[in-house]
There are 2 protein chains.
Amino acid sequence: MAATAAQLKDDLDIVIPTIRNLDFLEMWRPFFQPYHLIIVQDGDPSRTIKVPPGFDYELYNRNDINKILGPRASCISFKDSACRCFGYMVSKKKYIFTIDDDCFVAKDPTGKDIDALEQHIKNLLCPSTPFFFNTLYEPYREGADFVRGYPFSLREGVPTAVSHGLWLNIPDYDAPTQLVKPLERNTRYVDAIMTIPKGTLFPMCGMNLAFDRDLIGPAMYFGLMGEGQPIGRYDDMWAGWCCKVICDHLGLGIKTGLPYIYHSKASNPFVNLRKEYKGIFWQEEIIPFFQQATLSKDATTVQKCYIELSKQVKEKLGKLDEYFIKLADAMITWIEAWDQLNPVKAPAK
Amino acid sequence: MAATAAQLKDDLDIVIPTIRNLDFLEMWRPFFQPYHLIIVQDGDPSRTIKVPPGFDYELYNRNDINKILGPRASCISFKDSACRCFGYMVSKKKYIFTIDDDCFVAKDPTGKDIDALEQHIKNLLCPSTPFFFNTLYEPYREGADFVRGYPFSLREGVPTAVSHGLWLNIPDYDAPTQLVKPLERNTRYVDAIMTIPKGTLFPMCGMNLAFDRDLIGPAMYFGLMGEGQPIGRYDDMWAGWCCKVICDHLGLGIKTGLPYIYHSKASNPFVNLRKEYKGIFWQEEIIPFFQQATLSKDATTVQKCYIELSKQVKEKLGKLDEYFIKLADAMITWIEAWDQLNPVKAPAK
């Protein structure tokens, strides 16, 4: 727990989809400048992204992705921020932090700027406790512990693979909720971090997310969204469902709660509705599918788990829509591409 | 959600084990005076408890319990605050709030006194969402909702059976943690309420607890503790594990989080260690037992569920120690006593 963001600067990459907002990097400069940035441009490769001086970065556009992955580039979404997962794949670091360009530095209740990155790193370095609920939330935080009745054998916890941060101001609502509550703002700062219990799924948002590439990287695929696809805005959800099932199987943890970022503007609910409406139907089948998914004893690595899952997607969700057959194939292609860029070492676990 | 504590005054009893502290009722007077109190005295029946004027109460000592229940009084603990569950049984109200006499009114971060009862009632009147995790916590609170990716079919929720409140100042630690961290105080006000997910057990503390008698009352048995028993301080834990398994089976919800009370003093860790040490071993077996417990389709009422569970306790935990055989029998006696005082009406669900 003594490690700070600065000490980990050689172990973490920040992955950002297309930066449309020049204020974004200036606002984060004090926090991001020590790190390497990977920017993945989602649209027209001829457009240039101006990165202000002082940042250490690499930028990939569609031409770069095609060149690096060849035919396997088909698994990376085009004209959608889901393309960011290419950045997870090309990174050589242990940790990834990914953030959207409309997310700014939030303030804690004392008015202090929140160093989101530092909190994510704390979360990832600290074990998770998925097997039993602790009513005082994160037991490893200063001033907290396991409460009476918490089995001692479970207090060591398991490694944390994912840290899911939250958002003040504009909440991450679906289009129908946006339409119904256009003025709702999240002003409640909940001073908590918690492990999502084993067997429980959650909606993982990619706006403010960190993870351990070695532990879960190959499952952090953001699917097929954007141009040519029947659905959008389910990229992070898809990754979250897959990651949760695999973390549960491999005995890894996912934390949610702190840190907050300030989500500055709501995306257009009409555009969102068009992207989401099939997902709103489909998730009624997808969630039970993931709730019931089980992986075999042979699935001892993230890659093996992911390939098993892709087969189940094809078999069970393929009936729902042919999109899932394409997605299942893309999941395999993604793993092939991952292994191409990350030659297999000894399994992380 | 519009109902307030005052509107429910005819529907709720406050159950308190022996009051040793005269300040206790004075401090709660503004909040408790509208309600009926049931005080259950745990020790020597010849000792008298002075209740200050202005409170509407009934008091039961051991002689009363023996007289009312006859031989079935054996299921009610003696010389232990676990006897409070007798109060749940004699109440005729829909809701119960139970609190310890060393718990005072807490203040929220703005310095305002917290009306714990009002928050518990809000929690109980508002549905629970045990089937999927909402990252913004309680979706029904003002300023919150279900986030993107939350299935619409699950947004109606299920009835809430239990509201588990938390404690500022002295945290609810076991004896070993008390001994190791004698100075630790809980100063973190976490502004959250959440449903404990289906399939996840939690350590339920009886210090600040409310529940719906109609929905879960017969499972709220605080076991055999105190004089003549090999264990103490597991009364509320036992009830929590049983209630959680039964709520999961019957499709009911348990909430935890707000409201806070101020827990004024730590109990003696040496005394606690003596009471707890067998429980600290046993819970390593009890928790997996409850994690794996399943109830049959025929278990359609809380009573039927509880009787099935008692049989499993006898069969599986009886091997651990003969105490569990005695406890399993007491669970049956408790249900008989409950039905004696609460002649069976149509099942609540």
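Since we're looking at a predicted model, the values are computed, not measured. In what follows, chains carry the letters A, B, and so on, assigned in the order in which the sequence lines appear, proteins first and then strands, with residues in each chain numbered from 1.
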Part of [X] lying under 4.5 Å from any heavy atom of chain A:
{"X": "B/Asn272", "value": "neither"}
{"X": "B/Leu201", "value": "both"}
{"X": "B/Lys198", "value": "backbone"}

- Will you find, in the side chains of B/His120 and B/Asn208, an N or O donor that is under 3.5 Å from an N or O acceptor?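 Present: a donor and an acceptor within the cut-off.
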What option among [options] has the most heavy-atom pairs under 4.5 Å with chain A?
{"options": "B/Val147, B/Asp145, B/Thr200, B/Thr256", "answer": "B/Asp145"}
{"options": "B/Met237, B/Arg188, B/Glu284, B/Gln283", "answer": "B/Arg188"}
{"options": "B/Thr177, B/Val190, B/Asn186", "answer": "B/Val190"}

Under 4.5 Å heavy-atom distance to chain B, tell me which part of [X] shows up: side chain, backbone, both or neither.
{"X": "A/Pro176", "answer": "side chain"}
{"X": "A/Gln291", "answer": "side chain"}
{"X": "A/Thr135", "answer": "both"}
{"X": "A/Ser153", "answer": "both"}
{"X": "A/Arg185", "answer": "backbone"}
{"X": "A/Ile196", "answer": "side chain"}
{"X": "A/Ile280", "answer": "side chain"}

- Task: Heavy-atom pairs under 4.5 Å with chain B are the metric here; pick the option from A/Phe146, A/Phe131, A/Phe152 that has the most.
- Result: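 Sorted descending by pairs with chain B, the first entry is A/Phe152.
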- Tell me, out of A/Met204, A/Met194, A/Glu276, who's got the most heavy-atom pairs with chain B below 4.5 Å.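 Of A/Met204, A/Met194, A/Glu276, A/Met194 has the most heavy-atom pairs under 4.5 Å with chain B.
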- Query: Salt bridge check: are A/Arg148 and B/Asp172 linked by an N-O gap of less than 4.0 Å?
  - Reply: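 Looking at B/Asp172 together with A/Arg148, the answer is yes, because their closest N to O distance falls below 4.0 Å.
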- Taking 4.0 angstrom as the limit, do B/Asp235 and B/Lys275 come out as a salt bridge?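 Salt bridge flag = no for B/Lys275 with B/Asp235.
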- Message: Could you check whether atom OH of B/Tyr323 has more than 12 heavy atoms from other residues, nucleotides or ligands sitting under 6.0 Å from it?
- Response: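 For B/Tyr323, atom OH is crowded (more than 12 foreign heavy atoms under 6.0 Å).
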- Message: Are B/Trp167 and B/Tyr173, when compared by the centres of their aromatic rings, separated by less than 6.0 Å?
- Response: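 Aromatic pair excluded; centres sit 6.0 Å or further apart.
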- Does the ring centre of A/Tyr234 sit less than 6.0 Å away from the ring centre of A/Trp282?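 Judged by ring-centre distance (under 6.0 Å), A/Trp282 and A/Tyr234 do not meet the cut-off.
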- Task: Show your reasoning for whether salt bridge (charged side-chain N to carboxylate O under 4.0 Å, His left out) applies to B/Arg84 and B/Asp236.
- Result: CA-CA 10 Å; B/Arg84 73 175 79 188; B/Asp236 43 6; over 6 Å; no
- Message: If you define the side chain from C-beta out and look only at heavy atoms, does anything of A/Met220 sit under 4.5 Å from A/Cys243?
- Response: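 Sidechains of A/Cys243 and A/Met220: in contact.
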- Name of the residue among B/Phe290, B/Phe289, B/Tyr221, B/Phe222 meeting ring-ring contact (aromatic ring centres under 6.0 Å, His included) with B/Trp238: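 Only match with B/Trp238 under ring-ring contact (aromatic ring centres under 6.0 Å, His included): B/Phe290.
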- Task: For B/Leu258 and B/Arg141, run side-chain contact (heavy atoms from CB on, under 4.5 Å): C-alpha distance rounded to whole Å, both residues' side-chain angles, the deciding distance at 0.1 Å, then the answer.
- Result: CA-CA 12 Å; B/Leu258 302 186; B/Arg141 273 182 99 181; 3.6 Å; yes
